[in-house]
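Comments concern the structure below.
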Amino acid sequence: MTNVRVRIAPSPTGPLHLGTARTALFNFLFARHLGGTFIFRLEDTDQARSTEAFEVDIIEGMHWLGIRWDEGPAVAGEPEIGNYGPYRQMQRMASYTEAANRLLAEDKAYYCYCSPDELDVERKRQEASHLPARYNGRCAHLSAEERAAFEREGRRPVVRFRIPEERKIAFDDIVRGHVEIDTNALGGDLVILRSDGTPLYHFTVAVDDAAMEITHVIRGEDHLSNTPKHILLFEALGASIPQFAHLPLILNPDRTKMSKRKTQTSVDAYRMDGFIPEAFVNYLALLGWSTGTEEEVLSLDDLIERFDLAKVNSSGAVFDRERLEWLNGQWIRRLPAPDLIARLRPFLETELAAGRIEWMPSDQEMSALLPVVQERLPTLAAVGELIGFLFQEDVTPDLALLVPKRWDMAATAANLREARGIMAAGRDTWRAHEIEAPLRILVEDRGWKAGDLFMAIRVAVTGRTATPPLFDTLVALGYERTLARVDRAIARLEAGTPPSL
RNA sequence: GCCCCCAUCGUCUAGAGGCCUAGGACACGGCCCUUUCAAGGCUGAGAUCAGCGGUUCGAAUCCGCUUGGGGGUACCA
């Protein structure tokens, strides 16, 4: 165990987000690689938008991905683990007011009575004269009388943290290298407590990171510009300054910051789409990082072993669902049969509930099918599309699909009838190559194309043109149902065929 | 507006001055396999390394500028 301590601090104001999941993963990989401590902290101070349902979604989503923490809430309502708790900010309120009072006492912060409206007017004025938006410091040096006057007006002050002027804050970001930002660009003295006494994000993050002795702050690039504020706060609080690593952002296809509008961002939505966590985590890890080798299909353990913050990219990465799907297929193919069947269950339930299948296949049926199904599943959710026709009473194929280009309806009906006769003799030998062999002889005798007959049978029996291998499919369907479906197709073809002259 | 960050195939990336007439993967095309669909194998196309200057014997790699993109700039997180 090293003394490395990192954290992920999501706010439960929405379902687990792709970006949060990736940041969590990078923190987790970093901690595990180094034998450090990974901490989960809930930033639930936005009471208006935070809900317990989102909290549960986030925690369960993380667990689904295989991301576990050493300190933090277990699941909603249950006890926490770790000696630096509580791990919910709402339960740490006292520490923020205590810290703010300390800064006030040391004159590192002061009460500001400017109203939001006044601030707004000032901001607009600065904007109009092309000046950087910045608090003008009107309340920075109020006398006791002035303060009393404001109080008498009924104004409730915020607490502002003094940002020094003309100072360069420099830090060495692990992924970006040396970064320098002038304190004049920080927007002036920073509000750390609202007029109702509740703390603001930049303040809570610094107070908590200090209290939890975070050594490395690994987060999205959107916080890069805010880092000097945090550094100043750490200094004022007398805390040591952690190392920073700012991860490249995940982007929409148009290269803007990923948004719900343009990219599916909910991790749970990907789960419901049939992605498996092995693939998801693998994909996320490779968004902005690579091993430097040509390895791409990597398990969580592989990732932990190879992870290196210094090899993280600095430019944004477009989320590419097709590549995720490819990785998902890779991982599905690697799953042991019983495992895959178990994971397919919930998706079969969904098919059943939606009426797309009429009964549930047994584990035996599924494992018989698996060899021909496993390599054809891009996602777990594709299972219904692939083999649903097996678990329906009947199918009604499109007549147009039933008739091969070289045949017409009458020929198709007649040829299917011949094939049906041959298959009918196979009741006791209903196995793939024993169905196939005599049909091939028939094809040979008649001078047909094997593909034409097989496609006609395929469509007659499954209703689709793309299926698992035909004869395996027939075996799975069974003798009776195969013949019944062929018969029905023949009947429909004959009914649709105009009588010949 | 101001500040910061970024810039290699459509996309994810390899590349830490000579190994690069730039490698891999996804997607796309072709061929093989084949009853369809996949999977797999082989193969093709695809990047004047954003542009311009500089440093150097030598630059995708270092520096500067330009352009483009992104982020930040709240009594949001």
Side-chain angles (χ1 to χ4, degrees), chain A residues 9-11 13 43-46 48-50 112 114-116 119-120 123 126-134 156-160 173 176-177 179-182 184-188 190-196 198-202 204-205 220-228 246 248-249 251 253-257 283 286-297 311 313-327 329 333 372-378 386 436 439-440 443 449-459 462 464-471 473:
Chain A
S11 50
T13 53
E43 308 215 326
D44 55 354
T45 52
D46 185 345
R49 293 189 299 147
S50 296
C112 167
C114 298
S115 71
L119 260 17
D120 208 47
R123 218 182 337 261
Q126 289 169 338
E127 201 173 318
S129 34
H130 295 236
L131 289 163
R134 188 161 199 280
R156 300 256 58 85
V158 300
V159 175
R160 279 188 193 268
D173 190 281
R176 264 146 237 282
V179 177
E180 249 180 46
I181 298 176
D182 199 291
N184 292 332
L186 263 31
L190 178 73
V191 178
I192 57 176
L193 250 43
R194 296 185 180 89
S195 47
D196 67 1
T198 59
L200 265 349
Y201 171 76
H202 295 302
T204 60
V205 84
E221 197 203 324
D222 45 352
H223 283 111
L224 189 62
S225 305
N226 292 324
T227 302
H246 287 94
L249 261 22
L251 272 23
D254 62 5
R255 304 203 74 88
T256 52
K257 183 183 181 182
Y283 180 72
L286 262 21
L287 255 195
W289 172 72
S290 78
T291 61
T293 67
E294 281 170 7
E295 305 175 291
E296 306 201 84
V297 182
K311 289 195 73 98
N313 263 327
S314 37
S315 49
V318 173
F319 186 84
D320 180 1
R321 190 182 171 111
E322 294 200 88
R323 198 170 150 79
L324 205 212
E325 276 198 21
W326 169 75
L327 262 179
R333 269 166 243 136
V372 294
V373 162
Q374 189 155 16
E375 65 187 21
R376 290 178 171 74
L377 286 175
L386 226 204
E436 178 175 2
L439 288 178
R440 284 207 183 268
V443 162
K449 287 280 192 187
D452 288 345
L453 204 226
F454 295 166
M455 184 54 84
I457 298 175
R458 166 177 292 109
V459 174
T462 69
R464 14 187 102 248
T465 53
T467 71
L470 180 61
F471 302 104
T473 303

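We name chains A, B, ... by the order of the sequence lines, and we start the count at 1 in each one. It should be emphasised that the depicted structure is a prediction, and the values quoted were computed from it without experimental measurement.
- Using a 4.0 Å heavy-atom criterion, one finds that A/Gly288 contacts the sugar-phosphate atoms exclusively.
- At the heavy-atom level, A/Pro253 lies nowhere under 4.0 Å from the strands shown.
- Contact annotation for A/Asp46: backbone-only contact, meaning every heavy-atom pair under 4.0 Å involves sugar-phosphate atoms and none involves a base.
- Within 4.0 Å (heavy atoms only), A/Gln374 reaches no atom of the nucleic acid at all.
- The base of B/rC3 does not come close enough to the side chain of A/Ser225 for any donor and acceptor atom to sit less than 3.5 Å apart.
- Residue contacts for A/Ala466: at a heavy-atom cut-off of 4.0 Å it reaches a base atom on one of the strands shown.
- For A/Asn313 and B/rC6, the shortest distance from a side-chain N or O to OP1 or OP2 is not below 4.0 Å.
- Using a 4.0 Å heavy-atom cutoff across all strands shown, A/Ser290 reaches sugar-phosphate atoms only and no base atom.
- A/Val318 comes within 4.0 angstrom of sugar-phosphate atoms only, judged by non-hydrogen atoms across all strands, and of no base.
- Each of A/Gly187 and A/Val179 was assigned the nucleotide of RNA chain B with the nearest heavy atom; the assignment lying further toward the 5' end belongs to A/Val179.
- Taking 4.0 angstrom as the limit, A/Lys257 places none of its side-chain polar atoms (N or O) nearer than this to OP1 or OP2 of B/rG69.
- At a threshold of 4.0 angstrom between heavy atoms, the contacts of A/His202 include nucleobase atoms, whether or not backbone atoms are also involved.
- Within the nucleic acid shown, A/Ser315 comes within 4.0 Å of sugar-phosphate atoms alone, with no base atom in reach, counting heavy atoms only.
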